[in-house]
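Reviewing the structure listed below.
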Amino acid sequence: MTKPRVIYWFRTDLRLHDSPALQAALDLEPEVLWPIWTWDPHYVYKARVGVNRFQFLLDCQNDLSQSITKLNKKSKLFVLREGPQTLFPKLFKAWKPTHLVFEKDTDTYARTRDEAVVKAAKEAGVKVITRSGRTLWDSDDIVAHHDGKPTMTIAALQAAGKKIGPVAKPIPAPKSLPDPGDMPVDFEQHRPDPKPDINESHKTREDTAYKHIAGPNGDFAIETLEELGFAPATTPIRGGETLALQRLDELIKDKTYIATFKKPKTSPAQFDPPATTLLSPFFHFGALSVRLFYHRVQEVIDSFGPGASSPPESLIGQVLFRDMYFAAQAALGASFAQTATNPYCRFVPWHLPSKRDPHTGLTTGDHHIDSDQAEAWFRRWKAGTTGFPWIDALMRQLRHDGWIHHLGRHSVACFLTRGGCYVDWERGAEVFEELLVDHEPACNIGNWQWLSCVAFFAQYYRVYSPVSFGQKWDRDGALIRRWVPELRNVKPKYIYEPWKMPLPDQKAAGVRITGDGLEDEQDEGTYPKPMFDFSERRGICIGAMKNAYSVGLHGNDEKVLDGSWRSLFPSPDEAEVMGEYESDFGENADNNEDGDHIEKQNGESAGHKRGAETMGVKAKSKKLKTQE
DNA sequence: ATCCTGGTTGACTTC
DNA sequence: AGAAGTCAACCAGGA
């Protein structure tokens, strides 16, 4: 019998410590082991991955590759520049592996990708071994132990986890690795069509990512930002398993911090260093095992005695939430990422709703502009020029560093959706997807649903103030001064509300509060006026949420899908929050370029034309009393 | 069915 | 100064 020849396919498990899948590969006692990465065009061109997260990924790959080489001089992380679906059938023939091993991934795209690869392996007679290692418990197991339903509360996750049993103990890193086998690539490379490239706006030079299957020098080197066409990253946050383990060791030394950690008590305004662990990006790329983290933390808590915090506020609670969102996604699949078709997502007639492909029911990544006003608000939110310094500081920090504190994310997410702009949570989720170094699809989607009160959370009358919330943590506005330098010299009294600053104070602070915050129009030495009266918007939004809740539609309701939901929001007051756009099933005029795959069906053009212009609708009162 | 409890992280006023 | 009450009243999950 021939000894096993194993391809180990690294994906979001860029580590050697506590990797159940890698261990399963080594348990085969293979003659050869190829540690590989395949550059998936879907990730490179179709997923929103800003330069900062790409850099973090490349860091993780480089570190892993070096760690592999330390265990075997002949080996490293071999990067192949082709998508797995087309690559593996060719690799199976050319390299003649007996096994393909990888860590299980329950992300929506990953599931279909892996199905295709498993099918190809079966056809080639290659055995496939997978192991769960990305979450505390296998997310499909959690779903199975929750009646096949998504976990919508932390209690449900904990109950399901309890039924499965204790979180698996960490597995030590391997002490040696087998040699890689020969790696002929004398087959034709399948080159992807990069257009449309969703990350184009981040790129400043020619994209040469797919020039040669084994890289420019034919040595399977890890790609560089240059090769991908990116300018240098802006974030100081760096990746890699070595760094992750160092950081974990450092954190664990402070027993009190670890054992008494309470997330809601950590400050969103603290930035140097941040108040939380900053381990999330390592979890995302699997550079740190979430199970290893869990057990290291639990050990500290167990020996700490009384006074230790507990879930959901504790550090353990944080990774439980992560598992909850993963299991919700595992149960709902593609519909989890959007309102339309999602039975667990409440329907709210937000501004700037997603366009959908009528064939698949899935969002296209583009949105309807039902309100020019809302579009302008959205742009200002994204750019960090809303005129609310707390919001702008956080959005600028997010863009530059790829990270903001969890409560900062709450604040800006609430502001964009139910607590200010009344813009679709899907718009916000897309921006976070692009900008976060720790973007985790399930957690991002789940948290946006939470904050916009369409799922997981429902207390929509608890609205974050862009003024008071920041002041609670950072009276003098240090975070604002760091990220909104125009306001650096503004007195603490006005730092959160510069529009209240009298002219002499503006002069003294060297800034004029003027302009509408839209791109190209903001003059040097100025900071924009606030884009709306927050308390007025708060009242309008709470009233609109109350109404949407009472209508009670969910994403899978027929009325949501066919556009007839409009007839259920008849009050003129809601004109302010009425989508004014053509139905997805009657797409015409304005989207000629992708018109070829949007079949004209039943010709319905469901958009009632509502006369009310968004700004024309006034709140009934400055206070909360807008709803009747 | 119906009630009850708990829910990571609001703001503001009153005591 | 910190806790409690008010604002208005939400849901999921379990008994």
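Reminder, nothing fancy here: chain letters follow the sequence lines and each chain counts from 1.
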Determine the interplanar angle of the A:Trp448 and A:Phe432 rings, folded into 0 to 90°, and report it as parallel if under 30°, tilted if 30 to 60°, perpendicular if over 60°. perpendicular
When all nucleic acid strands are considered with a 4.0 Å heavy-atom cut-off, which category describes A:Tyr549: base, sugar-phosphate, or nothing? sugar-phosphate
Which nucleotide in B:dT8, B:dT9, C:dG13 has an atom nearest any side-chain atom of A:Thr153: C:dG13
Roughly, in whole Å, what's the span from CD in A:Gln471 to P in B:dT9? 21 Å
Rounded distance in Å between the P positions of B:dT5 and C:dC7: 22 Å
Centroid-centroid under 6.0 Å between A:Tyr325 and A:Phe456 rings: yes
Send over the distance from A:Tyr344 OH to C:dA12 P, rounded to a whole Å. 9 Å
Base, sugar-phosphate, or nothing: which does A:Trp473 touch, judged by heavy atoms less than 4.0 Å apart? nothing
If I take atom CG in residue A:Leu451 and atom P in nucleotide B:dT8, what distance separates them, rounded to the nearest angstrom? 13 Å
Tell me if the centroids of the rings in A:Phe415 and A:Trp381 come within less than 6.0 Å of each other. no
Tell me the interatomic distance from A:His406, atom NE2, to B:dT9, atom P, rounded to whole angstroms. 10 Å
Rounded to the nearest angstrom, tell me the gap between atom CZ in A:Phe534 and atom P in B:dG10. 13 Å
When you measure from the side-chain N and O atoms of A:Arg462 to the phosphate of B:dT9, is any distance below 4.0 Å, counting only OP1 and OP2? yes
B:dT8 P sits how many Å from A:Leu407 CG, rounded? 14 Å
The single option from A:Arg53, A:Lys382, A:His439 passing side-chain contact (heavy atoms from CB on, under 4.5 Å) against A:Glu434: A:Lys382
Answer for the Watson-Crick or wobble partner of B:dT2, both distances under 3.5 Å, is C:dA15
Heavy atoms under 4.0 Å, any strand shown: does A:Lys472 hit a base, just sugar-phosphate, or nothing? sugar-phosphate
Tell me whether A:Tyr460 is stacked on the nucleobase of C:dC10, counting only the six-membered base ring and applying the 5.5 Å and 30° thresholds. no
Whole-Å gap separating P (B:dG6) and CD (A:Gln459): 14 Å
Tell me what A:Phe456 touches on the nucleic acid: a base, only sugar-phosphate, or nothing, going by heavy atoms under 4.0 Å. nothing
Considering every strand and a 4.0 Å limit on heavy-atom distances, what is the contact class for A:Arg346: base, sugar-phosphate, or nothing? sugar-phosphate
Tell me whether the centres of the aromatic rings in A:Phe532 and A:Phe388 are closer together than 6.0 Å. yes
Need one value for A:His146: base, sugar-phosphate or nothing, where a base atom within 4.0 Å counts as base even if backbone is also close, heavy atoms only. sugar-phosphate
Whether A:Ser468 contacts B:dC12 is assessed here as follows: a side-chain N or O lying under 4.0 Å from the phosphate OP1 or OP2. Is that the case? yes
Indicate the ring-plane relationship of A:Tyr464 and A:His410, choosing parallel, tilted or perpendicular according to the 30° and 60° boundaries. perpendicular
Could you measure between the two P atoms, the one in B:dT8 and the one in C:dA8, and give it in whole Å? 25 Å
Rounded to whole Å, CG of A:Leu157 lies from P of C:dA12 at a distance of 17 Å
Counterpart base for B:dT13, defined by Watson-Crick or G-U wobble contacts under 3.5 Å: C:dA4
